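A quick write-up on the structure given underneath.
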Amino acid sequence: MQKDPKELPLRERKKLRTRQDLVDTALELFTARDFTAVTLDEIVDAVEVSKRTFFRTFTSKEDVALAPEKELWAAYLTDIETRPLTGEHLLGAYKDALFAALEQMTDGWEQRFLASRSLADRTPTLTAHSLRHCSEVSANVVRIVADRLAGQVPGHTELRLLLDLMLAAWHCALEAWTASHTARQDRPALIRHMHKAFAAIPAVAALAAQDS
């Protein structure tokens, strides 16, 4: 679990504040003017930091634009590495790790995530970057679980398909949440959509079993 920022040394707290300022400023500029129209110089000038400082934290404009998404999945991977796992309840572990990662996100994360997702939906380069990142995270999750449960679970294909089933439910929850323009788009609303989507998984699995 991530530490409370207040418990971190002063230098680390300053790094976190600078990182957050970069994310907030970049998303604000990208949303107002379009991702491709904003330069890296404009971002660092607005935050009053150097490019060197930027590249200590992010690798590119794409990286900072997708920071909220990457924060969530970094927390997810950390949770999977330490969460008790069994072959019989692996789907539950996949789901519980996502809820746990979501709980660790800082205040205001959901609004940054919505802005980032909106940008990705209309920017092909961000869409490609997001898909590549998702593939990398999925591969890492499968590797971690396979290593931790060596000899206790089926092969990588089955582990990946089970993870993809959970991710499909996650994306359904996201679609319902982001489409609710007339309803609240806060974290509790996202969690409600997640519970609803995950609750449908057993019925989907039953349908798949009928065709096997």
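What you are looking at is a predicted structure, and each value in this text was computed from that prediction instead of being measured.
- Atom CG of L159 and atom CD1 of I144 lie 12.0 Å apart (nearest 0.5 Å).
- Once rounded to the nearest 0.5 Å, the distance linking CD of E103 with CE of M105 reads 10.5 Å.
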Quick one: do N140 and E136 satisfy side chain to side chain donor-acceptor pair (under 3.5 Å)? Show the steps, please. CA-CA 6 Å; N140 282 332; E136 291 170 354; over 6 Å; no
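- Counting heavy atoms from C-beta outward, I191 and W177 have side chains that stay 4.5 Å or more apart.
- For L161, the side chain to side chain contact (heavy atoms under 4.5 Å, CB included) criterion is met by T157, not counting sequence neighbours.
- Heavy-atom minimum distance, D186 versus A189: OD1-N, 3.0 Å.
- Around atom CG of D147, more than 12 heavy atoms belonging to other residues, nucleotides or ligands sit under 6.0 Å away.
- Under the 4.0 Å criterion applied to side-chain N and carboxylate O atoms, R160 and D164 are assigned as salt-bridge partners.
- One side chain, T39 or E42, offers a donor N or O that lies under 3.5 Å from an acceptor on the other.
- Checking side-chain atoms of Q185 against main-chain N and O of Q111 turns up no donor-acceptor pair under 3.5 Å.
- Between A93 and R83, the shortest heavy-atom distance links the atoms O-CD, 3.8 Å.
- Note that CG of L90 is 4.5 Å distant from OH of Y94, once rounded to the nearest 0.5 Å.
- Using a 4.5 Å cut-off on side-chain heavy atoms (C-beta onward), Q152 and T86 make no contact.
- For F99 and F198, the gap between ring centers is short of 6.0 Å.
- Side-chain atoms of S116 and R112 include no donor-acceptor pair closer than 3.5 Å.
- F30 and F113 fall into different hydrophobic clusters, where Ile, Leu, Val, Met, Phe, Trp and Tyr residues are linked whenever their side-chain heavy atoms come under 4.5 Å apart, directly or through other members.
- Nearest heavy atom pair, residue L174 against residue L190, reads CD2-CD1, 3.9 Å.
- Taking CG from D63 and CG from L126, the interatomic distance works out to 10.5 Å, rounded to the nearest 0.5 Å.
- At a threshold of 4.5 Å between non-hydrogen side-chain atoms, the residues T57 and T18 do not count as touching.
- Within a 6.0 Å radius of CZ in R52, other residues, nucleotides and ligands contribute 12 heavy atoms or fewer.
- A pairwise comparison of heavy atoms in L27 and P68 identifies CD1-CG, 4.2 Å as the closest pair.
- Looking at D34 and T36, their side chains do bring a donor and an acceptor atom within 3.5 Å of each other.
- Contact between L77 and V137 at its shortest, heavy atoms only, is CD2-O, 4.1 Å.
- Listed for the S118 side chain is no donor-acceptor partner under 3.5 Å among the backbone atoms of L114.
- Considering every non-hydrogen atom in both A169 and A197, the closest pair reads O-CB, 3.2 Å.
- In this structure, a donor-acceptor pair under 3.5 Å is present between the side chains of E69 and S130.
- Within the 3.5 Å criterion, the main-chain N or O of F55 finds no donor-acceptor partner in the side chain of T59.
- A salt bridge is defined here as a Lys NZ or Arg NE, NH1 or NH2 lying under 4.0 Å from an Asp or Glu carboxylate O, and E62 with K70 fails to meet this definition.
- Inter-residue side-chain proximity for R117 and T178 is flagged as met; some heavy-atom pair is nearer than 4.5 Å.
- Judged by distance alone, with hydrogens and angles left aside, the side-chain atoms of S135 form no donor-acceptor pair with the main-chain N or O of R132 at under 3.5 Å.
- Applying the 6.0 Å contact sphere to CD of E81 captures more than 12 heavy atoms from other residues, nucleotides or ligands.
- The CG atom of L167 sits 8.0 Å away from the CG atom of L98 when rounded to the nearest 0.5 Å.
- Of the possible donor and acceptor atoms, none in the side chain of T106 sits under 3.5 Å from a partner among the backbone N and O of W109.
- The side-chain hydrogen bond (donor to acceptor under 3.5 Å, both in side chains) contacts involving residues 187-202 comprise E110-R187, where partners must be two or more places apart or lie in separate chains.
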Working note: T125 + H129, criterion side-chain contact (heavy atoms from CB on, under 4.5 Å); need CA distance, chi angles, decisive distance, verdict. CA-CA 6 Å; T125 56; H129 193 98; over 6 Å; no
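- Checking side-chain atoms of K61 against main-chain N and O of F35 turns up a donor-acceptor pair under 3.5 Å.
- Between the R143 side chain and the S138 main chain, no donor and acceptor come within less than 3.5 Å of each other.
- Between F58 and F54, the ring planes are tilted. Angles from 30° to 60° get that label.
- At distances below 3.5 Å, at least one donor-acceptor pair connects side-chain atoms of E158 with backbone N or O atoms of G155.
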